[in-house]
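Numbering of ligands and ligand atoms starts at 1, following listing order.
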Amino acid sequence: MVSSKADTKGPHAVKDTLPNKTVLRALAGEVQSVPPIWMMRQAGRYLPDYRATRAQAGDFLSLCYNSDLAAEVTLQPIRRYGFDAAILFADILLIPDALGADLWFVTGEGPRLSTIETMADVEALKPAGDIHEHLAPIYETVRILSRELPQETTLIGFAGAPWTVATYMIAGRGTPDQGPAHGLRETEPAIFEALMERLTRATIEYLSAQITAGAEVVKLFDSWAGSLKGEAFQRYALAPARQIIEELKSRHPEIPIIAFPREAGDGYIGFAKATGADCVALDNSVSAEWAAKNVQVDGCVQGNLASSHMVTGGQALVDETRQIVEAFREGPHIFNLGHGITPDADPENVQLMIDTVRSIAPAESVA
Ligand code: CP3
């Protein structure tokens, strides 16, 4: 599939040394007539096989820390749909857990954690270098996956970005507006920055260990980046991403990194260049046409079909999928949703999305 002339146009020449993995080729800047596809939360509750394995594990956190079962749920959507990438099954809140915060999940509600309010709370966390023993099962999941995945499937590791993880640690739960985290950063900047620093170090150590275990790409999820505006976005979304990426690139120069500053809006412009990311993942609050002009000019983009189409399906899914592929076809692109697939999604709609992307005829070559 990656052989026609149309595949080799675009800003970067094809690197012959790249393995036959379409996701790695897109991340290296290759323009492909059919973009590779994967989906955020592709292993999740919309799949009956996921629900069965989670029940076998007992609960969500036990599933994350059970390497065999976590590898199994990671593989389920690959077997069912043949996605071009697998994302490690884990959670962004395992870092706070490894740092010594209490973490539990309330079914139907989401995560709960012990809160961070004082400098003593930050100082009670473990040093960033001490997370590996706790996270060893995650690295084992990565090792199992790098043995068991089909050779054409790219293995993606991930972590939450410091700001997003901090919003959960400060509030002790998910919040609609990240109010407690904004409050702490405004009234107690020293406490807030000490927490951000600890998380930045831990994230570097965690992602670096995932890479050593076999992750071929890593992705940084900053799900709440959009609630940081102006100077705060620069300091707490962009700067930590740059620091993490710089350090990972110095340790593992060949590993591509995807940044996802969700709902950054104009903040997406120049984000890859400013942070050193190889790819920016886009949510669906920006149009693909806008992003092609303003973001894809700097390299690979990932996204950005609204995940609601996985619930509603039909012609609207087909039309919107086509429009996104068309908008991004002049540059490197990885097809994905704008955010994670939801539990009420219909597995048939996922197949319809994949069939639509893979059936779009290559563009007429422009003389
Ligand atoms: O994308 C993937 O499939 C990889 C695995 C993955 C999960 N969570 C599994 C999960 C990834 C990359 C995440 C990231 C994550 N986790 C984020 C950032 C991305 C995003 O979606 O914005 C955040 C904010 C979290 C924290 C988290 N984990 C919350 C708020 C919740 C509860 C909300 C919900 O959807 O239930 C989780 C639980 C969670 N993480 C589930 C899964 C499959 C559902 C748990 C279950 O099986 O009950």
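Salt bridge absent: R54 and E72 never bring a charged side-chain N and a carboxylate O closer than 4.0 Å. Electrostatic pairing of E246 and K249 does not count as a salt bridge here, judged by no charged N lying under 4.0 Å from a carboxylate O. We find that R358 and D84 are joined by a salt bridge, their nearest charged nitrogen and carboxylate oxygen being less than 4.0 Å apart. A salt bridge between R235 and E193 is present, with a side-chain N of the basic residue lying under 4.0 Å from a carboxylate O of the acidic one.
With no hydrogens or angles considered, no side-chain donor-acceptor pair links T22 and E152 at under 3.5 Å.
Between atom 9 (C) of ligand 1 and the options A90, A161, G174, the minimum heavy-atom separation is to A90. Closest heavy-atom approach to atom 48 (O) of ligand 1 within the set R54, R45, R173, H339: this belongs to R54. Of the candidates P111, G110, A159, P111 brings a heavy atom nearest to atom 30 (C) of ligand 1. Taking each of D91, V106, L337 in turn, the one with a heavy atom nearest to atom 8 (N) of ligand 1 proves to be D91.
Under a 4.0 Å criterion applied to the non-hydrogen atoms of A43, ligand 1 contributes the atoms 3 (O), 43 (C). Near L88, with a cut-off below 4.0 Å to any heavy atom, the atoms of ligand 1 are 4 (C), 5 (C). Against a heavy-atom cut-off of under 4.0 Å, Q42 is close to the following atoms of ligand 1: 3 (O).
Looking from atom 11 (C) of ligand 1 to the surrounding protein, the closest heavy atom is F158 CZ, 3.6 Å. If you check which protein heavy atom lies closest to atom 3 (O) of ligand 1, you get R41 CA, 2.8 Å. In terms of protein heavy-atom proximity, atom 38 (C) of ligand 1 is nearest to F105 CE2, 3.6 Å. Among protein heavy atoms, atom 24 (C) of ligand 1 sits closest to Y168 OH, 3.1 Å. At the top of the distance list for atom 23 (C) of ligand 1, counting protein heavy atoms only, stands I92 CD1, 3.4 Å. Looking only at heavy atoms of the protein, atom 19 (C) of ligand 1 is closest to S223 OG, 3.2 Å. In terms of protein heavy-atom proximity, atom 42 (C) of ligand 1 is nearest to F60 CE1, 3.5 Å. Annotation: atom 47 (O) of ligand 1 to nearest protein heavy atom, Y50 OH, 2.5 Å.
When the ring pair (Phe, Tyr, Trp, His ring centres under 6.0 Å) test is applied to H252, no partner is found at least two apart in sequence or on another chain.
Considering all non-hydrogen atoms of both residues, G303 and H333 come closest at O-NE2, 2.9 Å. Smallest separation of non-hydrogen atoms from Y168 and T164: CD1-O, 3.1 Å.
Protein heavy atoms are absent from the 4.0 Å sphere centred on atom 33 (C) of ligand 1.
Less than 6.0 angstrom separates the ring centroid of Y50 from the ring centroid of F89.
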> Does the salt bridge (charged side-chain N to carboxylate O under 4.0 Å, His left out) test come out yes or no for D298 and K273, once each step is laid out?
Replying inline: CA-CA 7 Å; D298 291 336; K273 266 197 179 143; 3.5 Å; yes

